[in-house]
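Just so it is clear, the model here is predicted, and its values are computed rather than measured.
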Amino acid sequence: MKKRLVMLLAGLLTVLSMGFGLAQFSDVPAGHWAKEAVEALAAKGILVGFPDGTYRGNETLTRYQAALIIYRLLQQIEEEMKAKGESPTMEAMSSEDIEALKNAVQELAAELAALGVRVSALEDSAATKEDIARLEAMIQELKAQPAPEPGMDQAALKDLAERVEAASIAADTALAQAQQLAEQLDALAQDVEGVKGDLAALQTQVEANAQAIQALNELAVLLNQDVLSLQDRVTALEKGLADLQGIDFEQFASKEDVAAVQEFAAALRSDLVGLSEKVSKLEGTVGDLSGKVATLQRNAFTISGSLSLNYSVYRAWGPDASAAGPGTANTFDIDRLFSSKFSTGDGNGNGSVGDEADLGKNTEGVTNATLSVSFSTGKLDAASDPGKLNSYPGLVQFSLRATLTNPGKYDPSTGAPTYPINLTLDEFSSTLAVAKDQTLSFSFGQSVRSKFTEYVFDNDYNSRGHGFVATYKPGLLGATLTGVYGSKGANNGDFTYFRGARLALSPVEGIALGGSFVQEGLDANQGTTSASFPAPTTVYGVDASVKLGPVGLAGEYFNSDAAPNANGYYVKADVALGSISVAGNYRNIGAGVTGANMLSGDATSTLDQGGWGGVDSSGNVINGAPFRSNRQGFGVSASAGLGPITVKGYYDSSTVLANETITNSYGAFNYSANNQLVAYGGQADLAFGGFTLSGFYRIAQLNGSTTRYILTEKPADAVYASEYGAKLAHDGASKDALVPKLNFTAAYTQKYDNATSGFTTQDIAVYGSYELALGPLTLKPMGRYHTQDAAAASTSSDYTTVKYGVAASIALDLPFKPSLSGEYYARSTQVTSANSGSSVTGTISESKYAVGLKLGEFLFKNSSVEAKYASYSGSNLNAPVLLGVSDSASSTTSDYLYNNAVSSAGSNQGSVTGWYFTWTYWDLSFAYVEADVNNNGNQTHGQAFKISYTVKF
């Protein structure tokens, strides 16, 4: 029993040593788990704060302080017992109370033992040799204690001795493991010194120690959780101290026993604090190493590239419509039949590969080898030189490309390689932090892309050429100064250089001002005499924008001396109030405002949106200027949302400034100076359950008279066409779609006819597609019906197109992983003449079918074979079958498959039929194709064989 009291007091002392800095005085936070116990002990005079009224919770409990606390506790208990006339013994306690006290003390002892296990685990990873040696000395000291008195609990002392022995064994194990960890840490420190010169070595060492570091962190977390759990249990024990009044403590242990256990607990607590500090230091070291690794990884080079080897041979015989003899100019598109290794890709950039010539004239076997390597970096750290006084984190970033084609061939007359290495610098960029809030950035390379405004030096889509761009931000008035210099078209012999500068200011939020100047001309040293030396092209402009809450204003003025009327200006305004938005503009863009005159490489042949910007795969203008040239006018547009209903409207008016003739695939449009172009209209949309129901009305006028359409105009939010109608569409990809994966549209349009001066042309279109999965079988049916019916007096032709098709595929879980695919598409367009009594003048037809079998695992893993057979045929086409317009076979919005004749029948007919075989193993493939073309009765037969091997690294 005395021994149990010794353990009880030792537990109390340990809790006090942990909680001494956690009591509620002036510097202890409210709600602490030990607040009630500390206040109770302070009220009894057992705990006393410092003279300044603080408890100093973060200070360690000394042995003197612990002795004083125990002395006050024992003294108070003895005084209270004597005041009641009772002897301070345990005789008055019942056996049930004593047994309960035993259980409580045993539970605390178990928790202390568990804590010892956790401490040993932490020592295995973080303790020093000195820590473990000191712990062993303390254990030996405990072993040397005198034999227990006869009245003490022999079983408890035996249990303690066994625990001491176990702790000794654990200490020996911890010492061995700590020595091993010390050796690992020494090796790691040596690797850290060497990491500055060898990133790969550091990464290897860090990976080798990653598991040990992770285990250390996990042990620290577990120890922290156990300490918190132990604190909660000791708090409960402290609350029960009041029940100990009247106990004869001398019956359980002497003061010497308590002092001995007290010293052991205090020492153990001190060791725990020391171990915690060492763990914190080790975690800091690990964090520092992680930061260094991250820095070196960010600064590391990245090398990537590819090796491409090809051998190919083409054979063709038989005349065609464009050749007198066999084997010459036999061009037809294999992509019309199936995708293959012989595709030449989208050479003209129109988003389609079905209009490219894949097989040409006879070609002997040719071997080509191309090695491409790219070097790139993240942002590299740098230092000034000489002196290295300033450091620049993340200063430099660049990429290089090297291409070597067919190496090993040399010119016998010069000895120089006929296929030299082409080293290409894509882009080099750097940013200098020259001062506080000031940066200087620059980049140079073969593809300088920069943009001043939409009309002045707009070259961020198409590069102007080789050169550099520098940007300086002084940190004053939100200023940005940009300078550019380069050679147009690189080293192409024209000696044309460009140079320019732009200053942009943003003195307050929402206000931006800018000024631009750019010049392009010939190099004065190219040998041209000064008398005939041409003047350079100079372009300048100013621009501004203001955003005040929901209101926005923007405008720009620009001028070029390259041609007359190469100037213009515009002003735009917009306001948004909730679901209501209104926008307006006024513009005056001269006829001489072209891409060449404004030194803007982003000008295209597309006239929509001003004829600027790039064109995506669907032919839509991107990165375009807001208004086209040779126009003066204004426009307004508005939209409002009322729940599921959206209403839009627009009005646009412009004047043609100079005579203009535009010819494209839809015909010729001739405008005289001062022609008036007007467009207005509105549209309402109702959205519900994945459906959208729309109604629209649009008018286009030329000089006050309504016209069918003005194709060359498409300013912001305006449609230059005369028509009205309604459309119902269902989006199968919408989250609230009535039928998922079903896309369906039904549209009715009444179009204006210039011949009848009324809305007498009726247009009806119904089309859709669906994707259906039936186990391993996937079906994708589609269909389209489109008819145009004009009045009898119209000069337009009527036509009706019926188009349908289906694509199917099935993958079977069988040996060799077979999969089957097939497709069939057809269209029939019946053309009639409205002014001839709706008599049929021709029927245009196209059809295509294809089947394929693929074995995903042929003979061995990662080996596959595929065989395809396909055929296309057409009649009454307006172009030969050698090449198509684009691949629209599966499109529901197009009336054709590969030939866009819909309103008039032609005289061409024919077919393309072929089969294709390929075997692929990883990046190695063998392909063979045979195809026959019947072009208006002229037969052409072609064969091709190709071996290709491509490795990417």
Side-chain angles (χ1 to χ4, degrees), residues 308-347 352-370 406 821-823 846-855 858-859 863-874 879-884 887 889 897-899 908-921 923-950:
S308 178
L309 306 173
N310 294 282
Y311 173 82
S312 58
V313 58
Y314 300 93
R315 304 184 184 93
W317 55 90
D320 60 22
S322 61
T328 60
N330 296 284
T331 58
F332 51 93
D333 52 324
I334 296 299
D335 291 319
R336 186 182 307 196
L337 299 178
F338 31 61
S339 59
S340 69
K341 297 290 184 179
F342 301 96
S343 174
T344 54
D346 184 14
S352 173
V353 298
D355 57 345
E356 309 291 335
D358 301 314
L359 298 181
K361 61 183 180 180
N362 289 339
T363 303
E364 291 186 85
V366 176
T367 301
N368 288 298
T370 301
N406 287 359
S821 62
E823 61 180 17
E846 290 182 282
S847 65
K848 171 191 175 179
Y849 67 89
V851 293
L853 170 64
K854 181 177 181 180
L855 301 180
F858 179 68
L859 298 182
S863 169
S864 64
V865 296
E866 186 173 14
K868 299 178 182 179
Y869 180 82
S871 178
Y872 164 83
S873 62
V881 298
L882 296 178
L883 292 175
D887 186 355
L897 271 62
Y898 294 95
N899 190 288
N908 294 284
Q909 57 185 348
S911 63
V912 180
T913 303
W915 66 275
Y916 170 74
F917 173 84
T918 180
W919 172 74
T920 302
Y921 178 71
D923 299 308
L924 174 66
S925 67
F926 291 78
Y928 181 81
V929 64
E930 283 207 33
D932 291 284
V933 175
N934 182 341
N935 184 46
N936 292 320
N938 295 313
Q939 300 287 336
T940 302
H941 182 75
Q943 296 176 337
F945 174 70
K946 186 175 185 179
I947 303 175
S948 60
Y949 181 63
T950 302

Pair K868-E866, salt bridge (charged side-chain N to carboxylate O under 4.0 Å, His left out): steps then yes or no: CA-CA 7 Å; K868 299 178 182 179; E866 186 173 14; 3.8 Å; yes

Closest non-hydrogen atom pair between S925 and T918, with its separation: CB-OG1, 4.4 Å

Validation row: V865, L853 side chains within 4.5 angstrom (heavy atoms): no

Parallel, tilted or perpendicular: ring planes of F342 versus Y314, cut at 30 and 60 degrees: perpendicular

Set of residues satisfying side chain to side chain donor-acceptor pair (under 3.5 Å) with respect to S871, sequence neighbours excluded: T913

N/O donor-acceptor pair under 3.5 Å between N936 side chain and Q909 backbone: yes

Gap between atom CZ of F945 and atom OH of Y928 - 0.5 Å precision: 10.0 Å

Qualifying residues under side chain to side chain donor-acceptor pair (under 3.5 Å), relative to Y916, sequence neighbours excluded: none

Heavy-atom closest pair, residues N310 and S308: ND2-OG, 3.1 Å

I334 versus A931, closest heavy-atom pair with distance: CD1-CB, 3.9 Å

R336 side chain vs K848 backbone, donor-acceptor pair below 3.5 Å: no

Evaluation steps, side-chain hydrogen bond (donor to acceptor under 3.5 Å, both in side chains), between S864 and T920: CA-CA 5 Å; S864 64; T920 302; 4.6 Å; no

From S911 atom OG to D932 atom CG, the distance as rounded to the nearest 0.5 Å: 8.0 Å

Interatomic distance, F926 atom CZ to S948 atom OG [nearest 0.5 angstrom]: 9.0 Å

Rounded distance (nearest 0.5 Å) linking atom CG of L924 with atom OG1 of T950: 9.5 Å

Y869 side chain reached by F338 side chain, heavy atoms, under 4.5 Å: no

Backbone of K946 reached by a side-chain donor or acceptor of K341 within 3.5 Å: no

N938 and T940 side chains, donor-acceptor separation under 3.5 Å: no

4.5 Å side-chain heavy-atom contact, V881 and N908: no

Mutual orientation of the aromatic rings belonging to Y872 and Y898 [parallel < 30°, tilted 30-60°, perpendicular > 60°]: perpendicular

